[in-house]
Amino acid sequence: MTLPQGSSSPQGISRQRQVELLTEGVALPLKPLQERHLRVIALGLARAWDELMIKTAGALLFDAEAEVNAQLCIQLNKRIPQDPCLNLIVYDVSRGEETHNFDGAKLEKRPDLQLKLTRADRRNFPLVAECKLLDPDKDIHLYCSDGLVRFLKGDYAWMAREAFMIAYVRDGSTLESVLTPHLKKYQLETPDRFATQSLPRPVDGVGLELRRSSHARGFRYPYHTPDDPGPIEVWHLWLLGPQATA
Amino acid sequence: MHSLLHSLKNYGANPDAILAFAQEGPALLPYATLLCTRTSGSMGDPDLVPLLGVYEWQDSPLIFLADSDALTDELHFRRLRRKLALRGDAPYLGIIHPGRFTVFGLSLDEKERKQCEVSLNDVRETPRLTVAYLAGSRPDAAFRQRTWIADVVLTLLRDAIRALKDSGLALEDAISLAGRALFVRFLGDRDLIPLSELGEGASGELVPEHREREKARFFENQARAKATSIWLDETFNGDLLPISETVFDTLSSHALKTLSDILYRAPKGQLYLGWDTLGRDTKWGFLDFAHIPVGVLSQAYEQHMREHLPDKQHVEGAYYTPRRIAELMVTAAFHPLRREGRAHLARVLDPAAGAGVFLLAAFRQLVAERWTHDGVRPDTATLRHILYHQLVGFDINEGALRFAALGLYLMSIELDPQPEPVSRLRFEHNLRDRVLFKFGPNAQEGGKKLSPSLGSLGKAVPATHAGQYDLVIGNPPWTTGTKHPKWLEVKTIVQRVAASRLLGASPSALLPNECLDLPFVWRAMEWARPEGQIAFALHGRLLFQQGDGMPEARLALFQALDITGLINGAELRKTKVWPEITAPFCLMWAKNRLPQPASAFRFVSPHLEPGLHNAGVLRIDAASAEQVTVSELAARPELFKILFRGSRLDLEILERMAGSQFETLSAYWGRLFKTSRGKPKQTGNGYQRLRESSEKKKGAILAGVDASYLHGLKELNHKAMSRILIKREMLEDFDLPRIHRKRPREIFEGPLLVVHESPPAANGRVRTSVSQKDLLYNQSYNGYSATKQADGGRLVQSLSLLIGSKPALWWVLMTSGRFGVEREAVEKHVIDSMPIVPLDTMSRASYDQIDALFQELLLDDSEPVWRKVDAWAASLYGLRADDLQVIEDTLSFNLPFTANVARANARPGPLELRAFGDVLVRELGPWVEGASERVEVDEVDVPSGSPWCLLRVRGTGAHIPPNPPLIPTAWQAVLQLADGLGSTELVWSEGPGQGLWIARLAQARYWSHSQAVLLSRRIVWEHLDSLFGQGET
């Protein structure tokens, strides 16, 4: 086994660095979450949804978006202590908690769900999930222009590199048939209002209606160097009836 | 590097931490005096020739390293040891032989080599752990601190000042004369005294013996004392300690003898190696100020001020700061300046400079920064430029400023690569009003004493200082309640600063209790440039106090200033990290701007490490520290206390409890019994006996109040309180004629719950008892009377169970601003704010449960029964089984009682390590992929001398690469690495799928169930690849 002889290592830091940390703030954007963690979270969300569907006998499919969000939030919090994987990475889920945008100018930003993570640098910067109904009245346009776009202009998840978009699907839409063509269409425009860098691609091995897309972000951090937040990876989880989960 | 130094890696030394004296550079500036005398040719000190370098641990010197072959004999060894001990920094001298390394304790004693050799038996079988053992365990270092140089200088200085005062001098003159003599001694020992100017008929070259004799005669009579003093004033521009004009005409022979003693050196300038055998007057002969760092002098003076001028200090607040604390704060504050590229140009202000400990540390840091930037060692002119243009100190105290001047001059000389010829000693400018500013009363007007000054807190500081400093740093006074007649002026200024920072929002309570430290932080926001650095040592109340408007004041400060780091020193009080200080303290670093949207700061709470702390050393594990945001603090004012005495797991439980929106006891009591002036009726603190401060009402003959309205009541005593239901036959009648203040009769009426203010250490619970009848209690108890309430008996019984439960004590520990910080008493407002489940919301079954538990306690007031109560309380609060485990761990290791402290510091045994490993297996197990795979944890045996315990965590199974064979000595390398990091934990990956090494400090507090859960979280986030390979889980 070879160990470094220097005073620093990837797994630890020297005393000098320890002291230096006392005068350093948070480096933005935060380190990305790994795919394996996001998949556990997606599974947890989907299973909480399944439990709700069973509990309400599907009545949830007819409730308003805010009511569905509230129910999902409660169910997730019940689920966390019973799901040993989720329990180790998420300790609480809140709904509609107030946040602010990337420069602090907009104070009353309230993402639908905020998943509070146990990772040391993420405790105060939850994983954001924005939820939208998909039905004949609220279609993919609203999903993107009133949901997805919030991540691109720095209203939500501006300090992070990933977020969730959750759809409660009531019109039979699928990611492949609806979201991908929609984003592709705007990719042909200049500028692309959704700044899509990577169209939705499947997330394997979870058996969910789950894809991830990548989007450039147009804002700049006002007080950090470097000021570029980089792209955001959006995980789209579309929920319809009981999910067949792996 | 010398080949012998290379050989230290065999003893676990990190090569980067070895500073070789043969290689000049800014990192060696702290050793400037040593290097100067070691290398300066014919004037050099042959005793120091064997020195090869120094090994630093956590930026502090740990072991001076010497070549065994260069040591001539036992006497040489003893002289070398003495000279190194005079520095007062490293605790050890290591002698390197080819193939062998022996370590000796450094101390100002006269021990021979064999007597001071440090036993390395604990690591004899594993020499590679030697350095880790010395750094982490500090064998014998605590004992030797008793003869530490700062204490010795303080003692000698104290004795000299006392003797001068006894000779008839005023105290101020005594302090000044002693300081001047000490200054001359510093110069003399460094051969910087111009005998041609000062020696009596001693012009020209003198043989060394005559030179030494001349040096000792500078204060031998009134004329020479005066001449010496005049020379000092002329050379140092009148900056030195002030003395009365006529003092020299009145100096007695006794006083002159005392001053001459300070200059006393042994014949031929040799150091006496004996110590206890000679009288006080010759003890100065044991010291060689050529080796004593200047900071020692400033520290000793500040300590002296603390001892001898307590009243003055109470008003002016010249608290002393240990050099190490000052150096740590300066070092940390310079990091961001370096990132900006301005460290070498930085202007530094200490607005409460005292004797200049921070200014001295900053001076040396600036010189090092300049050296690094320019690539050449700063010369005399550059040093003077730094002194005159980059350092500023404010103070209210004339003597302190003069001492600061003395220190700065000496430091300037110490850092000078060529301090000779003596003509270089002359400084072109006075430091006063250029470097050092006095803001305080200057004189007495017409015999009428001027009103007390606010010093640098008042309007006297001109606006020209605003925005001028890259760094504002210091240790302002921590005093509270000074009742300063001009306090309104301070409030007005601070309100102005706050209004400008908080966009007009002007919190009413910015300065609770008239504390003197917080106004300095607010003023610093004006003095520092935008984006500049602010660093202060402050009283711990800023973090923990919950009453008197402190939560609002704390939040306002954190909303106005971008705090980047906080070290909580509450657990370090009463240790050698900050000797003599019993108050909790904190160290704060901030950037001078408003907190930004993503601002977060690190909150570091070092836990007690007796070996390190008794050696005055502080481990800072900022990497493992909690990151805290202002919004989090706003949501939970007790946040710092929770993170100090608990962990994130405790915080998560409290957050969940907060979500359940329990009613507080205070709100419940108010709802049941109404309120008066916002406070619930029928509850209060017990009566107080008459005391000196008892008020005598107008026209009254006697002080206090008539107590006859309480006569006829039985009075509670400590013995009766040991049972859950008070037995009246154990009580006596109350018959005192008068008491301090009137207490409402209704708070003594039964049915009554009584809560003891101090939880007894024996059972670790808040002690509660119930009385069904009226009962008098004193101020050591708080009472809750349910008189005239339906079912009042059951009400007080249910509360006695709840408040006496472990979850309740845990809640107190998490939220009290005092319990577990500086007191072992629980304030009533903490009990009042406890969450409770009202009796009227409980079911019949719950009533039955309460009755049954209470009855069981009546029969058997034992721990097993109380554990049933704990489970009942936990169910009321909706706590889960894993929550209870967290609570149990927190109480077990973090209660402030002696037994708990000992338990937390104890080395974990095999059972604890096994249990810790089992939790890892259980928590990480669900993350494996297939049924054939699993997580395995192996405990690794390490020598008892290792400050670490070690585990190896592996994933095994079909899809996981086979683990590499375990190299028998691999763990030694892991521990060596862990030692070099200064952390409390090392998680070392051997590569994807190859497993992890976990090294944690060998203290039980790091090996609890809760800690295993926290570690599991970290592994899952950061190291899953190491366990299971890079495949997906």
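Below, each value reflects all heavy atoms present in this structure, side chains not excepted, and no hydrogens, waters or symmetry copies. Note on naming: letters A, B, ... go to the chains in the order of the sequence lines (proteins, then strands), and numbering restarts at 1 for each one.
Side chains of A:Leu22 and B:Ile620 form a contact here, defined as non-hydrogen atoms less than 4.5 Å apart. Under the 4.5 Å side-chain criterion, counting only non-hydrogen atoms from C-beta, B:Arg339 is in contact with A:Thr23.
The contact between A:Asn101 and chain B is made entirely by backbone atoms, counting heavy-atom distances below 4.5 Å. Residue A:Leu30: no heavy atom, backbone or side chain, is found under 4.5 Å from chain B. B:Arg593 touches chain A through its side chain: at least one heavy atom from C-beta onward sits under 4.5 Å away, while N, CA, C and O do not. For a residue to count as touching a neighbouring chain, one of its non-hydrogen atoms must lie under 4.5 Å from one of that chain's; by this rule A:Glu24 touches chain B with backbone and side chain alike. With a threshold of 4.5 angstrom between heavy atoms, B:Asp621 approaches chain A through its backbone and through its side chain. At a 4.5 Å heavy-atom cutoff, the contact between B:Ile567 and chain A is made by side-chain atoms alone. For chain B, the nearby part of A:Asp103 is the backbone; its heavy atoms alone come within less than 4.5 Å. For a residue to count as touching a neighbouring chain, one of its non-hydrogen atoms must lie under 4.5 Å from one of that chain's; by this rule A:Ile89 touches chain B with backbone and side chain alike. For a residue to count as touching a neighbouring chain, one of its non-hydrogen atoms must lie under 4.5 Å from one of that chain's; by this rule B:Val628 touches chain A with the backbone only. Of the atoms belonging to B:Ala17, not a single heavy atom falls under 4.5 Å from chain A. Residue A:Tyr221 does not touch chain B at all, counting heavy-atom pairs closer than 4.5 Å. Proximity to chain A (any heavy atom under 4.5 Å) is restricted, for B:Arg880, to the side chain, taken from C-beta onward.
Counting heavy-atom pairs closer than 4.5 Å to chain A, the top residue among B:Arg338, B:Glu632, B:Glu531, B:Arg648 is B:Arg648. For chain B, the option among A:Lys116, A:Met159, A:Arg123, A:His224 with the highest count of heavy-atom pairs below 4.5 Å is A:Arg123. Top candidate by heavy-atom pairs under 4.5 Å with chain A, chosen from B:Ser1016, B:Ala590, B:Ser599, is B:Ser1016.
Contact record, B:Ala598 with A:Leu28: CB-CD1, 3.6 Å, taken as the closest heavy-atom pair. In terms of heavy atoms, B:Glu652 sits closest to A:Tyr91 at CG-CD1, 3.3 Å. In terms of heavy atoms, A:Val26 sits closest to B:Gln627 at CG2-OE1, 3.6 Å. Between B:Pro597 and A:Gly104, the shortest heavy-atom contact is CG-N, 3.7 Å. Nearest heavy-atom pair, A:Leu88 versus B:Arg1017, reported as atom, atom and distance to 0.1 Å: O-CG, 3.4 Å.
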